[in-house]
Each structure stands twice: as structure tokens, then as C-alpha cells.
Amino acid sequence: MEIIHLTESDNEIFEQICAWYYGWLGEKNGESYEEVVCTMEHSINSMKLPQTFVAMVDGKPAGMYQLAVTDDLNSRPDVYPWMINVYVDKKFRGHDVCRNLMASVPANAKKAGINELYLYTKHIGLYEKFGWEYVEEVRTFKDDSPIERLYRLDVNKQ
């Protein structure tokens, strides 16, 4: 398994991550597929944020995450930068893709000049395995998940 830093949009990997994002989040949020593609095109920078990282298994994309400055949680504009859009394709779940993605986060964050990262999630017990510290419950104001968990990663401790 290899974790790559995606820096170009003219390839099958880019098409796959757009399809993932649209299927798990974009459509639910009322975004058109074209809007998703536009967002993702501007999330594959090499030097500045946002940046996109993809797990590759046998030459096929298996999962992804992004590092971003934007306020991922509108109710908490005081918290940033973020690790966002963590996703593992269903057919690759249970094959250490998430573990490998998370293992790459500290080094990729350091390369981007990031000392700490935040994420919010419904998952309990997942990110703690990878050095993330639970901060508090946060209100998301989402109908399907109004309260989630905020986590912080001290990149320099990893």
C-alpha cells in the first residue's frame, strides 16, 4: 500500500475520489456532481492547503483524506486547520487502509507546516488509536447528527 499526495486532476484517481465524495457527502448536502469536481480540483495543491492524500492498493485508489484550513465545522470557526473527508472505499475496509492513511498524517501535516490538526466525527474510539485526543462534544446543527466529537492531533508528538 502506498499513500500518494494527489497533485493533478487529469487522471482516474481524481475521478474516483470525486465519485466517493459525491456518493457519501455531496449528494446528501445538495451539491451537484460538477460542484464536487470543482471543489476537489481546488483541493489538490502541492504547496498550500487544501491538500489531498490517497491510499493506493495494487494501483487502485482505496481511501483518502484531506488537510484543509477552511472551517469544516461552521459552529466552531475558532478551530483549524482540519483533517477532513476521511474515506475508505467499502471493498477495502478491514484491510488496514485507514491505519495506513492515519500513519501518514503527521508527516504530511509537518510538510505542510501544520503543528496541530482537528477533526470531528461520530466515531468513538477510532481516532484515539492514531494519537488523536478527544477535546469535547460539539454541536454540528446537522439533522442527521446534531452532536459529534471534536478531536485534536498534536503533530509534533507523533
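Everything numeric here is computed off the predicted structure, so don't read it as measured data.
Looking at every heavy atom in both residues, Ile147 comes nearest to Arg139 through CD1-CG, 3.7 Å. Contact between His5 and Thr52 at its shortest, heavy atoms only, is CD2-O, 3.4 Å. In this structure, Phe92 and Pro61 approach most closely via the heavy-atom pair CE1-O, 3.7 Å. Here the closest heavy-atom approach between residue Phe14 and residue Leu6 is recorded as CA-CD2, 4.3 Å. For the residue pair Gly26 and Val36, the shortest heavy atom distance occurs at CA-CG2, 4.1 Å. Scanning both residues, Tyr21 and Asn85, for their nearest heavy atoms gives CE1-OD1, 3.4 Å.
Contact check for Met40 versus Ile17: side-chain heavy atoms found under the 4.5 Å cut-off. In this structure the side chain of Trp132 never reaches within 4.5 angstrom of the side chain of Leu126, judged on heavy atoms. Taking the side chain as every heavy atom from C-beta outward, Arg149 and Leu119 never approach each other to under 4.5 Å. Between Val86 and Met102 the shortest side-chain heavy-atom distance falls below 4.5 Å.
Put simply, the side chain of Asn45 never gets that close to the backbone of Gln51: no donor and acceptor are under 3.5 Å apart. Checked by atom type and distance alone, the side chain of Asn11 pairs as donor or acceptor with a backbone atom of Ile13 at under 3.5 Å. Judged purely by atom type and a 3.5 angstrom limit, Ser104 has no side-chain atom pairing as donor or acceptor with the backbone of Ile3. Looking only at distances, no side-chain donor or acceptor of Ser46 sits under 3.5 Å from a matching main-chain atom of Thr7. Judged by distance alone, the side chain of Thr140 and the main-chain N or O of Ser145 form a donor-acceptor pair under 3.5 Å. For Asp154 (side chain) and Asn156 (main-chain N/O), a donor-acceptor pair under 3.5 Å exists by modelled atom type.
For the pair Asp89 and Lys60, the salt-bridge criterion is not met [side-chain N within less than 4.0 Å of a carboxylate O].
Between the side chains of Thr121 and Glu148, no donor-acceptor pair is found at a separation under 3.5 Å.
Note on Ile4 and Tyr87: same hydrophobic cluster, where clusters join Ile, Leu, Val, Met, Phe, Trp and Tyr whose side-chain heavy atoms are under 4.5 Å apart, directly or indirectly.
For the side chain to side chain donor-acceptor pair (under 3.5 Å) test with Tyr151, the passing option among Glu133, Glu136, Glu128 is Glu128; the others fail.
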Item to check | Check against side-chain contact (heavy atoms from CB on, under 4.5 Å), Tyr80 and Trp82 | outcome: CA-CA 5 Å; Tyr80 59 89; Trp82 293 94; 4.1 Å; yes
Next on the checklist: With side-chain contact (heavy atoms from CB on, under 4.5 Å) as the criterion, how do Leu153 and Phe130 come out once you've worked through the C-alpha distance, each side chain's angles and the decisive distance to 0.1 Å?
Outcome noted: CA-CA 9 Å; Leu153 179 69; Phe130 309 113; over 6 Å; no
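For the atom pair Gln16 CD and Met64 CE, the distance stands at 10.5 Å (nearest 0.5 Å).
In this structure, Lys111 places its NZ atom where only 12 or fewer heavy-atom neighbours from other residues, nucleotides or ligands lie under 6.0 Å away.
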